[in-house]
Each structure stands twice: as structure tokens, then as C-alpha cells.
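For reference, the structure is listed below as C-alpha cells.
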Amino acid sequence: MSAARLVLGIETSCDDTSVAVLEDGRTLRAHLIAAQDVHRLYGGVVPELASRAHLELLPKLVERALEEAKVRPADLTAIAVTHAPGLVGSLVVGVAFAKAWGAALGIPVIGVNHIEAHLHSASLEHGESPLPAVALIVSGGHTELVEVRGLGEYHWLGATLDDAAGEAYDKVAKRLGLGFPGGPVIDRLAPQGRADAFAFPRPMLDRPGFDFSFSGLKTAVANSLKGRGEPPYPEELVADVAASFQAAVVETLVGKSLRAVGHVGAKALSLGGGVACNRALRAALAEACGRRGIALRIPSPRLCADNAGMIALVGAWRLARGERSGPGLDAAASLEASGLPLG
Ligand code: KG4
Ligand code: ZN
């Protein structure tokens with residue numbers, strides 16, 4: 001796919017402020033991601049604090065990224081910015097910044113859908129995907145299984161009916177007294193526990209279709225801790241719960257993803273979102289895809305989580321097709337309101 005030449009990418013949809021400079025849709029000349037630590041104090045993302053931190057961080061990150069890329073503002077060809085979905089107060093910071101810079105520099109601005117960017121983030125390292133492909137997006141806010149037939153050609157296969165996969169990790173970790181975000185801690189502790197210590201459910205795996213549901217699993221974990229008081233718990237118990245919980249999540253995600261691959265006749269499976277950093281999930285998918293001859297495309301951890309590189313990539317592709325956003329570009333909180341075909 002052809003791409004615009006020097007694109008400044010901006011991502012401020014949740015609690016990571018990120019800026020990228022992408023050349024020819026391929027080379028990341030600079031890529032900065034500032035995770036906002038302040039939310040750890042509250043055990044979750046506080047929207048008001050997130051938008052304030054974006055306001056403070058974004059101008060500094062843009063300046064630094066341009067310096068690293070050895071690019072002057074006047075050299076930029078276009079700006080790509082996440083406009084949906086996400087926390088609206090956070091999205092607005094990036095969108096307003098992009099529009100102001102676009103107007104000042106006289107260059108086009110394109111609003112990029114955050115989920116669409118996750119669908120393609122693996123292409124930054126793996127090149128363009130063989131098609132059709134299936135993408136599994138698993139983050140703190142999303143659990144989506146999508147058939148990808150090309151840029152903008154998507155068919156939604158399934159999504160979570162309640163908690164997102166990352167949210168389940170975070171809530172289970174909180175219940176175990178492990179802090180926020182929970183995914184990385186559970187990932188680290190699970191290998192020390194017994195995956196068969198608790199028989200947690202594999203939600204919806206036995207039902208047809210591609211939807212997920214993680215709230216029952218979260219409740220099953222809470223029930224297993226009933227009568228054991230509050231954290232801190234003995235290390236062995238924490239490791240056993242972490243291992244059993246993770247085994248249930250991984251088996252569910254792998255089972256549904258491979259069913260989707262078979263249903264679509266996909267040649268590749270792409271991953272995105274923070275939970276795609278999970279080592280057990282990566283290993284299980286590598287094994288399952290290897291056996292079936294399916295190309296597995298998992299970005300490195302930096303590109304799994306929220307990042308401006310993927311925003312710049314999709315922006316560069318869309319700009320090359322002549323697309324651009326007008327002055328009416330605005331932030332939209334929900335996936336449904338974001339204008340992406342959800343068919
Ligand atoms: O994509 P992301 O950085 O932000 C959004 O939610 O948009 O994803 C963050 C989520 C959190 O729920 C976090 O606990 C989870 O990804 N996560 C992981 C791992 N690393 C991050 N979950 C499981 N295993 C991991 N290694
Ligand atoms: Zn995300």
C-alpha cells in the first residue's frame with residue numbers, strides 16, 4: 001500500500017501519551033510512549049487526570065520526537081491523530097493539538113480510529129498481512145475478533161459482552177492485592193502456580209459464535225477466595241489463582257480465535273492490545289498457528305499497547321488514498337460513534 005511521506009502520529013485515547021514520526025508508511029524515525037504512572041495510585045485510569053497529563057506531556061513529546069527524527073515541523077507531510085474510541089477528554093487533547101498544528105503548518109490532518117490502528121499494528125514490523133486475516137484485539141477496554149479483508153474492509157465477528165480481557169486481568173489482580181495494571185503481574189506469577197489448582201470456567205467456549213464474556217470468570221475467582229479473608233494471601237495461593245485464571249483466559253482466547261480463523265479461511269492471525277503482551281497467550285497461539293500453518297503476527301510489546309506508531313501507519317495509508325479530515329474532525333467516545341464499519 002502506498003503511504004504519505006512524513007507523518008506525525010498522535011495517540012491520546014486513554015492513559016498513554018504517544019507520538020511517532022513515520023516515514024513512507026514503513027520507518028519509525030521516532031516513537032515515544034509516555035505511560036502515565038499517576039493512575040497506579042488509584043488502581044485504575046482516572047479520566048480527569050489522564051487528560052491533564054496529556055495536555056502537559058503532548059507538546060513536550062512532539063518536540064522531542066521531531067528532534068529524534070531530525071525533522072523540522074515544516075518537513076511534515078501530514079498529521080494522523082486518534083479521534084475515537086476512548087476517553088473523550090483525552091481524545092480531545094490530541095485532536096485539538098493536531099488541528100492547531102495542521103492549520104499552522106498548512107498540512108492535512110486525518111482522524112484515525114484507535115481500534116482500526118490496533119488491527120494493523122503488526123504490519124509495522126511484519127509487513128502487510130496476507131488476506132483475509134483475523135485480528136484479535138485484547139486490551140483494558142476491548143476484546144474484539146475482526147475479519148480483515150483490506151484497509152477499511154472489516155467484518156466484526158465477536159466482542160466481549162461484559163468485561164474486556166485486560167479488565168478481567170486488572171480486576172482479578174486487584175482482588176489478589178497485586179496492584180494496577182494487573183496483566184503484567186499475573187503474567188509473571190502464573191508460571192509459579194498450578195494451572196489446574198482451580199477449575200475456573202472457560203467462558204462461552206462451548207457456545208457457537210465468537211463473543212466473549214469474562215465477568216463470570218472474575219466472579220469464579222472471587223468465589224474461590226471466599227472464606228480466605230482479604231489480601232495479602234499466601235504466595236502459593238496467589239500463584240495458583242493467577243495460573244488457573246490465566247489458563248482459562250488463554251484457552252478461551254485461543255479457542256475462539258482459531259475458530260474464527262477456520263470460519264473465515266484466514267491466512268493470518270494478527271494480535272493487538274496490551275493483553276497481546278501476555279507470554280502464555282503468545283506461546284499458546286504460536287503453537288496452535290504453527291500446527292495449522294497460519295501466519296501469526298504479534299507485534300513487539302511496545303506496539304501491542306497503545307502507541308502512535310500504529311496511528312501514523314493507518315493515517316499514512318488513508319492519506320495516500322486521498323482521504324483527510326475536515327475542520328469538523330472531533331473526538332468520539334464509542335466504537336459505534338466512531339464511523340468504522342462494524343458489519
Ligand atoms: O492496550 P493497552 O495498553 O491499553 C488499553 O486498554 O487501551 O492495554 C492495557 C491492558 C491492561 O488491562 C493490562 O493489565 C493488560 O493490558 N496487560 C496485560 C499484559 N500487559 C498488559 N495482560 C496480560 N498479560 C500481560 N503481560
Ligand atoms: Zn488500545
Side-chain angles (χ1 to χ4, degrees), residues 9-18 33-37 39-40 42-47 50 54 82-88 90-91 94 112-122 135-144 146 159-160 163-176 178-191 212 214 217-218 242-243 245-254 270-285 298-311 313-314 333-335 338 340:
I10 295 175
E11 154 66 37
T12 64
S13 68
C14 190
D15 61 338
D16 296 302
T17 319
S18 180
I33 304 170
Q36 302 174 358
D37 271 346
H39 306 287
R40 284 176 194 269
Y42 301 91
V45 178
V46 184
H54 287 307
T82 310
H83 76 107
L87 300 171
V88 89
S90 290
L91 289 164
V112 172
N113 184 292
H114 181 86
I115 298 301
E116 181 177 31
H118 272 307
L119 296 179
H120 296 288
S121 64
L136 172 70
I137 309 304
V138 268
S139 72
H142 290 275
T143 310
E144 320 277 349
V146 183
T160 183
D163 292 352
E167 196 178 352
Y169 266 96
D170 293 338
K171 287 179 176 168
V172 165
K174 193 169 184 179
R175 184 65 190 80
L176 288 169
L178 297 174
F180 173 86
V185 197
I186 292 183
D187 189 353
R188 204 170 58 242
L189 291 178
F212 301 92
F214 290 106
L217 174 57
K218 181 190 65 188
F245 163 75
Q246 177 157 285
V249 174
V250 168
E251 197 179 315
T252 307
L253 293 175
V254 172
S270 290
L271 247 62
V275 183
C277 297
N278 187 268
R279 290 172 301 171
L281 177 63
R282 294 164 89 101
L285 282 173
I298 312 184
S300 56
R302 243 170 101 73
L303 293 172
C304 285
D306 290 349
N307 68 88
M310 64 182 188
I311 304 300
L313 177 71
V314 168
S334 72
L335 187 57
S338 68
L340 203 67

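For ligands, and for the atoms within them, numbers begin at 1 and follow the listed sequence. Since we're looking at a predicted model, the values are computed, not measured. Scope of the values below: all heavy atoms of this structure, side chains included, with no hydrogens, waters or symmetry mates.
Distances from atom 26 (N) of ligand 1 to the heavy atoms of Asn307, Asp187, Leu87 show the closest one on Asp187. Counting only non-hydrogen atoms, the option in Gly183, Gly274, Pro301 that gets closest to atom 21 (C) of ligand 1 is Gly274. Heavy-atom proximity to atom 10 (C) of ligand 1, evaluated over Gly86, Ala168, Gly140, Gly141, is greatest for Gly140.
The closest side-chain heavy-atom distance from His114 to Ser139 is not below 4.5 Å. Using a 4.5 Å heavy-atom cutoff, the side chains of Leu91 and Thr82 are in contact. Residues Asp306 and Ile33 are not in side-chain contact: their nearest non-hydrogen atoms beyond the backbone lie 4.5 Å or more apart.
A donor-acceptor contact shorter than 3.5 Å is absent between the side chain of Arg40 and the backbone of Gly179.
Residue His114 has no nitrogen or oxygen atom sitting less than 3.5 Å from a nitrogen or oxygen atom of ligand 1, judged on distance alone. Taking distance alone, with nitrogen or oxygen atoms compared against 3.5 Å, Arg279 stays at or beyond that limit from ligand 1. Close N/O approach between His118 and ligand 1 is not found [any backbone or side-chain N/O within under 3.5 Å].
With 2.8 Å as the limit, His114 counts as an N, O or S neighbour of the Zn ion (ligand 2). Among the atoms of His118, an N, O or S atom is found under 2.8 Å from the Zn ion (ligand 2).
Listed by atom number, the atoms of ligand 1 under 4.0 Å from Gly273 heavy atoms are 1 (O). Every atom of ligand 1 with a heavy atom of Ala305 under 4.0 Å away is listed here by number and element: 1 (O), 3 (O). For ligand 1, the atoms closer than 4.0 angstrom to any heavy atom of Gly182 are 14 (O). Under a 4.0 Å criterion applied to the non-hydrogen atoms of Gly166, ligand 1 contributes the atoms 12 (O).
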**Asked** So Met310 and Leu303, side chain to side chain contact (heavy atoms under 4.5 Å, CB included) or not? Walk me through it.
**Response** CA-CA 7 Å; Met310 64 182 188; Leu303 293 172; 5.9 Å; no
**Request:** Give the intermediate values and the outcome of side chain to side chain contact (heavy atoms under 4.5 Å, CB included) for residues Val138 and Thr143.
**Result:** CA-CA 5 Å; Val138 268; Thr143 310; 3.9 Å; yes
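In this structure, Gln36 CD and Ser90 OG are separated by 7.0 Å, a value rounded to the nearest 0.5 Å. Remark: Lys171 NZ to Leu176 CG distance equals 14.5 Å, nearest 0.5 Å. Atom NZ of residue Lys218 and atom CD of residue Glu167 lie 7.0 Å apart, to the nearest 0.5 angstrom.
In terms of protein heavy-atom proximity, atom 24 (N) of ligand 1 is closest to Asn278 ND2, 2.9 Å. Nearest protein heavy-atom neighbour of atom 4 (O) of ligand 1: Asp306 OD2, 3.4 Å.
At a heavy-atom distance under 4.0 Å, only side-chain atoms of Asp170, from C-beta outward, approach ligand 1. Contacts between Val275 and ligand 1, counted as non-hydrogen atom pairs separated by less than 4.0 Å, involve both the backbone and the side chain.
Checked against the 6.0 Å centroid criterion, the rings of Tyr169 and Phe245 qualify as a close aromatic pair.
Under a 4.0 angstrom heavy-atom cut-off, Cys14 registers as lying outside contact with ligand 1.
Shown here for Pro85 and Ser13, the closest heavy-atom pair between the two residues is O-CB, 3.8 Å.
Asp306 contributes atom OD1 as its closest N/O/S atom to the Zn ion (ligand 2).
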